[in-house]
Amino acid sequence: MRFTLLLLSFLAGHAIAQCDEPRHMADIPYPKNSSYFNSQYASQLQAILQAPTDSDGYLLLEFPVTKSQKDETTRQYNMWLAGKRLTRIKQFLTDADYPHPVITRILTASTEELRQVSINWCATSDAPQLANTHPVNIPQNH
């Protein structure tokens with residue numbers, strides 16, 4: 001089961017997430033130039049693991065990166081650090097066998113310099129549904 005969750009978590013990390021009505025669950029701040037969150041915030045993540053959620057949905061982890069950087073090297077470093085921060089939280093949840101998909105997103109046009117990952121619950125009913133315009137007949141083996 002852990003392998004399946006890890007695989008789904010990896011695959012879901014590259015999906016486009018749309019969450020029109022997110023339910024905010026927590027913000028996990030990070031010290032400057034660090035990809036490790038303080039241990040006191042592990043209790044917030046534990047609360048998320050135990051929180052009741054809709055049966056169909058996913059966690060959306062978002063980290064903002066300011067759109068104005070002094071140079072390209074700084075921007076690349078900040079993007080790398082944002083990814084590391086998101087990965088730490090996602091790995092914490094995966095290691096604890098969190099039963100829902102976890103989607104990560106780096107917001108690249110932030111106007112504020114924040115160093116926190118925002119964690120939101122998104123019900124799948126918030127995401128647009130894709131209609132199958134061509135019915136597919138699947139043969140049944142008898």
With sequence neighbours excluded, tell me which residues meet side-chain hydrogen bond (donor to acceptor under 3.5 Å, both in side chains) with Thr87.
none
Return the set of residues passing side-chain hydrogen bond (donor to acceptor under 3.5 Å, both in side chains) with Ser35 (not counting sequence neighbours), or none when no residue passes.
Arg88
Roughly how far, to the nearest 0.5 Å, is [atom2] of [Y] from [atom1] of [X]?
X: Ser118; Y: Leu60; atom1: OG; atom2: CG; result: 7.5 Å
X: Gln116; Y: Phe37; atom1: CD; atom2: CZ; result: 14.0 Å
X: Thr74; Y: Leu81; atom1: OG1; atom2: CG; result: 12.0 Å
X: Thr104; Y: Leu86; atom1: OG1; atom2: CG; result: 5.5 Å
X: Lys84; Y: Met79; atom1: NZ; atom2: CE; result: 15.0 Å

Side chains of [X] and [Y]: does their closest heavy-atom pair fall under 4.5 Å?
X: Tyr77; Y: Arg75; answer: no
X: Leu59; Y: His100; answer: no
X: Arg105; Y: Leu61; answer: no
X: Val117; Y: Tyr41; answer: no

Name all pairs fulfilling the salt bridge (charged side-chain N to carboxylate O under 4.0 Å, His left out) condition that reach into residues 41-51, sequence neighbours left out, sorted by first residue then second.
none
Under the side-chain contact (heavy atoms from CB on, under 4.5 Å) test, residues paired with Gln46 that sit two or more places apart:
Leu49, Gln50, Phe92
Partner set under side-chain contact (heavy atoms from CB on, under 4.5 Å) for Ala51, not counting sequence neighbours
Met25
From Ile119, Asp27, Ile28, residue fulfilling side chain to side chain contact (heavy atoms under 4.5 Å, CB included) relative to Gln44:
Ile28
For the backbone of [Y] and the side chain of [X], can you confirm whether one donor and one acceptor N or O come within less than 3.5 Å of each other?
X: Ser34; Y: Pro31; result: no
X: Asp71; Y: Thr73; result: yes
X: Tyr58; Y: Ala123; result: no

Cluster partners of Tyr36, using ILVMFWY side-chain heavy atoms under 4.5 angstrom, listed by chain and number?
none
Considering non-hydrogen atoms only, spot the tightest contact between [X] and [Y] and give its length.
X: Arg85; Y: Lys32; result: NH2-C, 4.2 Å
X: Asn120; Y: Pro22; result: CB-CB, 3.7 Å
X: Gly83; Y: Ile106; result: N-CD1, 3.9 Å

Are His24 and Trp121 near enough that their ring centres are under 6.0 Å apart?
no
